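Fair warning: this is a prediction, and the values are worked out from it, not measured in the lab. Numbers for residues simply follow the sequence, beginning at 1.
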Amino acid sequence: MGIDEQKLITKWEKKIKFLNRPDERLYKAKNSDLIFVPIFEKYLAQYLSLKYHQKVLCIGCHSGRWVSTLDKVTNIKGFILDQSIRNLQSAMHIYPHYSYEIASTEKLPYKDKKFHYILINQAFDTFFDKDKLVVELKRILKKKGRILFYYKVNLFINRKQQLEQLFEPVDLEIDHITHFRGIEIYEVKHKGL
């Protein structure tokens, strides 16, 4: 067996091992939240300006389609994280040039200060352990990086105050809130930057 064949076999063994990993618990998936995904996608396509080869982590992107939309406008380095391999399978075949991972909120599998942008394509209230998630997001976010996520609009809940209390212990702050077609989009950054 030649060297090229051995490399190919090793590559496929790694892929099979990855595809057979058990699911993790990151967020509670609800079909009703899927109607907000295209709204968040439109917002990002219209208003988010990325620079060449910035590292972008997308959490809960399922098919990866809108990361590809951002990639077409500006060539980015895309990383897609989800809780289930089944959610990622179609994206892995259509967009093989992105990096894929599954994880829970306990420990995100990335090194410190890696990402320019973290885009959360799942309603933020569906995440199981927001305290641990926020600590991990801060750890992997670059100094001038941004986290973007959304909530469904609710006129009776002051989410800004709740989020400020969540972000305060980890030195993150809400930089901007945008109301866009029935969702509130939050942009979060390191405190003082």
Side-chain angles (χ1 to χ4, degrees), residues 4 7-8 10-12 14-19 21 24 26-27 33-34 36-103 107-124 127 133-134 136-150 172-178 180-181 183-190 193:
D4 292 337
K7 283 183 181 179
L8 186 61
T10 304
K11 181 180 174 182
W12 277 103
K14 284 182 184 178
K15 189 171 186 174
I16 288 170
K17 186 177 178 183
F18 178 78
L19 291 172
R21 286 177 55 188
E24 299 283 350
L26 184 60
Y27 57 85
D33 289 335
L34 293 177
F36 300 105
V37 171
I39 297 169
F40 191 53
E41 175 185 344
K42 283 181 185 175
Y43 174 83
L44 293 173
Q46 288 177 358
Y47 300 108
L48 183 64
S49 58
L50 300 169
K51 294 180 182 158
Y52 181 74
H53 270 239
Q54 281 189 317
K55 292 180 182 170
V56 178
L57 172 64
C58 176
I59 298 176
C61 286
H62 308 301
S63 69
R65 188 188 77 184
W66 64 271
V67 178
S68 179
T69 303
L70 294 173
D71 190 34
K72 287 177 186 172
V73 175
T74 307
N75 190 4
I76 61 171
K77 290 187 177 182
F79 296 80
I80 299 178
L81 175 81
D82 213 310
Q83 65 183 1
S84 171
I85 197 65
R86 286 181 295 287
N87 293 344
L88 298 175
Q89 282 181 335
S90 63
M92 291 173 73
H93 294 292
I94 299 170
Y95 312 111
H97 56 287
Y98 298 136
S99 296
Y100 297 91
E101 210 38 82
I102 59 173
K107 176 89 170 119
L108 299 181
Y110 302 107
K111 65 181 183 178
D112 295 357
K113 296 177 177 54
K114 181 170 183 151
F115 296 104
H116 297 95
Y117 283 92
I118 299 173
L119 311 174
I120 302 175
N121 193 26
Q122 201 60 37
F124 201 68
F127 284 87
L133 178 64
V134 167
E136 281 296 292
L137 293 176
K138 183 195 185 273
R139 180 184 66 78
I140 63 175
L141 186 67
K142 286 187 179 273
K143 187 176 181 181
K144 293 185 179 181
R146 304 280 181 177
I147 301 169
L148 279 88
F149 62 89
Y150 70 91
L172 292 173
E173 66 182 357
I174 297 170
D175 185 45
H176 191 72
I177 302 172
T178 305
F180 186 79
R181 297 183 182 178
I183 60 174
E184 294 174 337
I185 300 168
Y186 292 83
E187 190 170 334
V188 176
K189 65 176 187 163
H190 286 279
L193 295 177

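For Tyr117, the ring-ring contact (aromatic ring centres under 6.0 Å, His included) test picks out no residue, with sequence neighbours left out. Remark: Arg181 engages no residue in a salt bridge (charged side-chain N to carboxylate O under 4.0 Å, His left out) (not counting sequence neighbours). Taking His93 as the reference, nothing meets the side chain to side chain donor-acceptor pair (under 3.5 Å) condition, with sequence neighbours excluded. The salt bridge (charged side-chain N to carboxylate O under 4.0 Å, His left out) test applied to Asp112 returns Arg139, not counting sequence neighbours. Every residue two or more places apart in sequence or in another chain was checked for a side chain to side chain donor-acceptor pair (under 3.5 Å) with Gln54, and none qualifies. In this structure Glu187 satisfies the side chain to side chain contact (heavy atoms under 4.5 Å, CB included) test together with Arg146, Leu148, Asp175, His176, sequence neighbours excluded. The side chain to side chain donor-acceptor pair (under 3.5 Å) check on Tyr110 picks up nothing, with sequence neighbours excluded. Residues passing the ring-ring contact (aromatic ring centres under 6.0 Å, His included) test with Tyr43, sequence neighbours excluded: Tyr47, Phe180. Under the side chain to side chain contact (heavy atoms under 4.5 Å, CB included) criterion, Ser49 pairs with no residue at all, not counting sequence neighbours.
Side-chain contact between Thr178 and Tyr150 is absent, with no heavy-atom pair separated by less than 4.5 Å. You'll find the side chain of Leu44 stays beyond 4.5 Å of the side chain of Asn121, heavy atoms only. A heavy-atom distance below 4.5 Å is not found between the side chains of Phe127 and Val134. Side-chain contact between Val188 and Leu137: absent, with no pair of heavy atoms (C-beta onward) separated by less than 4.5 Å.
Ring planes of Tyr186 and Phe149: parallel class, angle under 30° (limits at 30 and 60°). Ring pair Tyr95/Tyr98 is tilted by interplanar angle, where 30° to 60° counts as tilted.
Of all heavy-atom pairs between Phe40 and Ile185, the closest is CE1-CG2, 3.9 Å. Of all the heavy atoms in Gly64 and Ile80, the pair that sits closest is CA-CD1, 4.0 Å. The two residues Glu136 and Leu108 come nearest to each other via the heavy atoms OE1-N, 2.8 Å. For the residue pair Ala103 and Pro109, the shortest heavy atom distance occurs at CB-CD, 3.7 Å. Minimum heavy-atom separation, Asp71 to His97: OD2-NE2, 3.4 Å.
Separation of atoms CD1 (Ile147) and CG (Leu141) is listed at 5.0 Å; rounding is to 0.5 Å. Atoms CG and CG, on Leu119 and Leu81 in that order, are 12.0 Å from each other to the nearest 0.5 Å. Here the straight-line distance linking atom CG of Asp82 with atom CD of Gln122 works out to 7.5 Å at 0.5 Å rounding. With rounding to the nearest 0.5 Å, the separation of CG in Leu88 from CD in Gln83 is 10.0 Å.
Applying the salt bridge (Lys or Arg N to Asp or Glu O under 4.0 Å) rule to pairs touching residues 45-63 yields nothing, sequence neighbours excluded.
His116 places no side-chain N or O within donor-acceptor distance of the main-chain N or O of Lys144, the cut-off being under 3.5 Å. In this structure, Thr69 contributes its side chain and Arg65 its backbone to a donor-acceptor pair below 3.5 Å. Not one N or O on the side chain of Asn75 forms a donor-acceptor pair closer than 3.5 Å with the backbone of His53.
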